[in-house]
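Taking it in order: structure first as structure tokens, then the write-up.
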2 protein chains.
Amino acid sequence: MDQRLPVSGAQGDLLRLVATGKAESRADLARLSGLAASSVSLRVEELISLGLLGEEGSGTSRGGRRPRRLRLSPSAGVLAVADLGAHHARLGLLDLSGVPLVIEERPCEIARGPAATLDLLSDAFDELLAVHVPGDVPLRGVGTGIPGPVDPATRRVVTPSRMPGWNNFPVAEHLGLRYDLPILVENDANLMAAGEAKHWPGCDNLMVLKAGTGIGCGVIVNGHLHRGRGAAGDISHVRVRSDSSVLCACGHPDCLEAYASGAALMSALADSGITVARPADIVGLVNDAIPEATSLVRGAGRRIGEVLTVLVNFFNPDVIAVGGSLSAAEPLITAIRAAVYERCLPLATRDLEIAPARAGRDAALLGAGALLLEAALA
Amino acid sequence: MDQRLPVSGAQGDLLRLVATGKAESRADLARLSGLAASSVSLRVEELISLGLLGEEGSGTSRGGRRPRRLRLSPSAGVLAVADLGAHHARLGLLDLSGVPLVIEERPCEIARGPAATLDLLSDAFDELLAVHVPGDVPLRGVGTGIPGPVDPATRRVVTPSRMPGWNNFPVAEHLGLRYDLPILVENDANLMAAGEAKHWPGCDNLMVLKAGTGIGCGVIVNGHLHRGRGAAGDISHVRVRSDSSVLCACGHPDCLEAYASGAALMSALADSGITVARPADIVGLVNDAIPEATSLVRGAGRRIGEVLTVLVNFFNPDVIAVGGSLSAAEPLITAIRAAVYERCLPLATRDLEIAPARAGRDAALLGAGALLLEAALA
DNA sequence: CGCTTCATCTTCGATTTCGAAGGAAGTGGA
DNA sequence: TCCACTTCCTTCGAAATCGAAGATGAAGCG
């Protein structure tokens with residue numbers, strides 16, 4: 001397991017610009033890095049002779065000579081990333097541009113505790129590495145998403161629900177025992193947001209909603225993940241307007257989660273005599289035009305939208321991307337839109353786009369890759 | 001009216017670090033700028049011979065030789081800043097460190113329209129400059145706060161209430177006709193937030209509440225003012241939970257502003273047979289223990305606090321600073337605290353401070369200075 | 001009081017970066 | 001087809017930056 005990239009200062013900047021896809025040619029690099037074109041040429045030459053960068057054909061002309069396209073060499077390294085769920089882990093390997101080499105899903109009971117879960121993860125990484133990556137290509141970073149809050153200062157899990165044994169566990173340290181590499185530990189919705197952000201070029205302020213069993217949310221401010229003190233992005237325990245009163249697992253009445261989460265919808269459906277195994281199954285019911293399901297989903301969207309009105313006025317994002325297993329239900333996003341556009345300030349909704357997430361189910365893994373790159377090429 | 005500072009690249013960075021008070025010595029500069037100590041010495045020498053920087057005694061030792069303290073030369077320049085209110089304008093001159101040279105308040109009816117108001121402002125600036133600034137000290141920037149939304153892209157006022165004739169008026173352009181200088185046009189609550197941020201060292205994420213006739217809010221994310229698309233920070237038109245239903249001026253029912261703004265409190269007091277001229281007078285009533293006033297202020301605080309719970313969970317700030325003319329009423333902030341601490345996630349309130357604003361009544365002017373510095377020394 | 005230690009600041013040769021000039025490769029119009 | 005023009009990239013001397021070594025001044029300590 002190799003350690004640091006043999007790059008210094010300017011080289012790292014250039015490498016990162018190529019890795020993140022922002023630059024494809026020496027001219028791009030000069031524009032984006034602020035360095036002189038001549039300096040860029042020098043550094044790029046060095047990176048090529050180090051085997052980290054390669055030239056690959058030429059790009060499209062912008063009216064003059066065609067640029068010589070630069071790409072990260074496949075042998076520059078790989079990243080190992082995972083996204084832990086309650087019963088499954090999605091995990092895979094990415095190249096240093098964040099492109100997946102292999103991604104798979106394994107059963108993994110998070111309730112078995114941190115040590116067992118993380119060791120299972122590490123074993124899976126080692127397997128994948130052995131099978132899919134030549135021995136001379138180094139691992140450059142390891143990252144994982146956690147379905148609970150992560151303190152950015154200590155990188156420990158803090159007060160998670162549904163994760164027995166994980167409270168205050170030093171996840172990054174534990175992984176660090178096995179990998180002497182940059183290690184990323186981050187909340188799963190935050191990772192999803194980081195991955196989603198790459199799919200909205202030109203949009204610097206995003207809210208990414210994860211509507212699944214729970215309701216998660218990641219925030220991108222100015223192109224960067226906003227963590228606050230570790231809890232930023234939570235919207236699930238906001239009080240909603242309601243006639244009745246429902247007690248949430250957190251102890252407070254009328255949390256959004258108690259009304260609009262996949263879990264809440266499932267239990268409401270059960271009350272109507274319709275049982276489903278997973279939140280994703282609700283989408284099927286909606287597509288089959290089961291009135292109870294459609295009505296419930298629409299109500300959930302309205303409630304989520306009402307909470308979002310506050311946040312849209314306050315944060316004024318460019319985009320609200322809606323992902324998660326429930327997001328495929330058309331009425332959800334429609335109801336969210338209706339609530340937000342009806343109630344928010346015109347100035348705040350003028351250029352606001354509320355749309356389905358674009359990054360797909362591997363959003364969190366891609367986000368982990370994006371964040372790891374920053375650390376690995378620092 | 002002089003134009004650009006004769007500084008290039010690295011010099012500007014160093015000058016800015018001194019101006020913002022982040023650095024006081026060559027060693028500080030070396031640490032903060034990332035430049036080598038030797039390069040810093042060279043550049044500082046140049047800045048001193050340009051008359052922009054001066055040495056002034058020595059600082060306190062940190063265990064070794066005492067640093068030679070650097071200060072911006074008073075002749076380096078001044079900034080002209082203003083904060084427009086409905087009936088008054090506060091305006092003044094600052095040196096390039098943001099320290100006030102002179103600040104005064106003049107009557108100024110914003111309803112007379114943009115051209116008349118801005119020309120009155122410019123005339124006032126010219127007067128102050130003639131009286132308080134030697135002729136050889138150049139003006140380096142002009143900035144003003146506006147009691148309405150400002151589009152950061154066009155720097156025009158957009159859909160302001162209570163500002164007839166201002167909609168879509170190109171404020172920056174108009175001022176640019178008279179001053180060929182960096183020009184800042186910004187919402188007043190945003191300026192206040194920028195000023196307040198300087199008083200909370202180590203805190204990168206702030207919400208600054210302005211509780212006066214209306215309810216304004218400025219947001220600092222990662223040490224920088226968050227503008228969004230121009231409307232960011234609005235919390236006054238959020239729907240609050242309520243038994244009755246009150247129509248707000250914006251056309252929606254039950255906006256926070258209709259319940260908790262100074263204007264709303266004044267009209268509620270009038271219903272109790274108590275008439276006051278300005279929101280600030282309510283503070284006096286509270287201090288005199290008039291029960292109606294205290295009860296109203298406490299209710300306003302509770303409502304504001306309930307809105308803040310959503311934002312605290314979402315944004316997870318380090319500090320909520322409460323300013324504005326109503327903020328001197330103790331029950332307001334107490335009620336806000338109670339609502340936030342009761343309902344928010346423990347993780348979000350763990351290190352959260354809810355406190356009175358520290359920057360005083362000139363916060364907006366100081367904020368304008370801070371933002372102008374970035375532009376003037378770029 | 002002298003000694004050590006520390007942080008600050010400067011000197012100076014080595015290294016890096018810059019920028020102007022020019023070559024290379026392509027587009028588009030006469 | 002020729003020619004002007006654009007963009008991309010490299011060459012090379014000038015300028016800026018770095019970093020190691022040393023000088024400076026001050027605090028801490030026996």
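Residue numbering restarts at 1 for every chain, and letters A, B, ... go by the order of the sequence lines.
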TODO: Identify whether any heavy atom of S61(A) sits under 4.0 Å from a base atom; if not, whether one sits that close to sugar-phosphate; answer base, sugar-phosphate or nothing.
DONE: sugar-phosphate
TODO: Please confirm whether the backbone N or O of A172(B) pairs with a side-chain atom of R155(B), one donor and one acceptor, at under 3.5 Å?
DONE: no
Open item on the list: Treating R227(B) as the side-chain partner and V150(B) as the backbone partner, does any N or O pair qualify as donor plus acceptor under 3.5 Å?
Closed with: no
Task: Atom pair distance, as rounded to whole Å: CZ in R43(A) and P in dT11(D) - done: 14 Å
Task: Check: C203(B) main-chain N/O paired with D318(B) side-chain donor or acceptor under 3.5 Å - done: no
TODO: Specify the separation, in whole Å, of atom CG of L14(B) and atom C1' of dT17(D).
DONE: 12 Å
Task: Rounded distance (Å) that lies between atom P of dG19(D) and atom CG of L42(B) - done: 14 Å
Task: With V81(A), the side-chain contact (heavy atoms from CB on, under 4.5 Å) member among I103(A), D362(A), L365(A) - done: L365(A)
Task: Short side-chain N/O contact to dA23(D) OP1/OP2 from R65(B), under 4.0 Å - done: no
Open item on the list: Go nucleotide by nucleotide along DNA chain C from the 5' end; which of R66(A) and V40(A) gets its closest nucleotide reached first?
Closed with: V40(A)
Open item on the list: Contact between D95(A) and L72(A) at the side-chain level, heavy atoms closer than 4.5 Å - yes or no?
Closed with: no
Task: Protein-nucleotide distance (E24(A), atom CD; dC8(D), atom P), rounded to Å - done: 12 Å
Task: G63(A) vs R26(A), nearer the 5' end of DNA chain D by closest nucleotide - done: G63(A)
TODO: May I ask you to say what S58(A) touches in the nucleic acid, namely base, sugar-phosphate or nothing, with a heavy-atom cut-off under 4.0 Å?
DONE: nothing
TODO: Calculate the interatomic distance between L29(A) atom CG and dC9(D) atom P; express it in whole Å.
DONE: 9 Å
Open item on the list: So, taking the atom named OG in S38(B) and the one named CZ in R43(B), what distance separates them when rounded to the nearest 0.5 Å?
Closed with: 9.5 Å
- [ ] Under 4.0 Å from any heavy atom of chain A: name the first and the last nucleotide of DNA chain C that qualifies, 5' to 3'.
- [x] dT16(C) to dT27(C)
- [ ] Looking at every strand, decide which applies to R69(B) at a 4.0 Å heavy-atom threshold: base, sugar-phosphate, or nothing.
- [x] nothing
Open item on the list: Could you report the tightest heavy-atom contact between E186(A) and L225(A), atom names first, then the distance?
Closed with: OE1-CD2, 3.9 Å
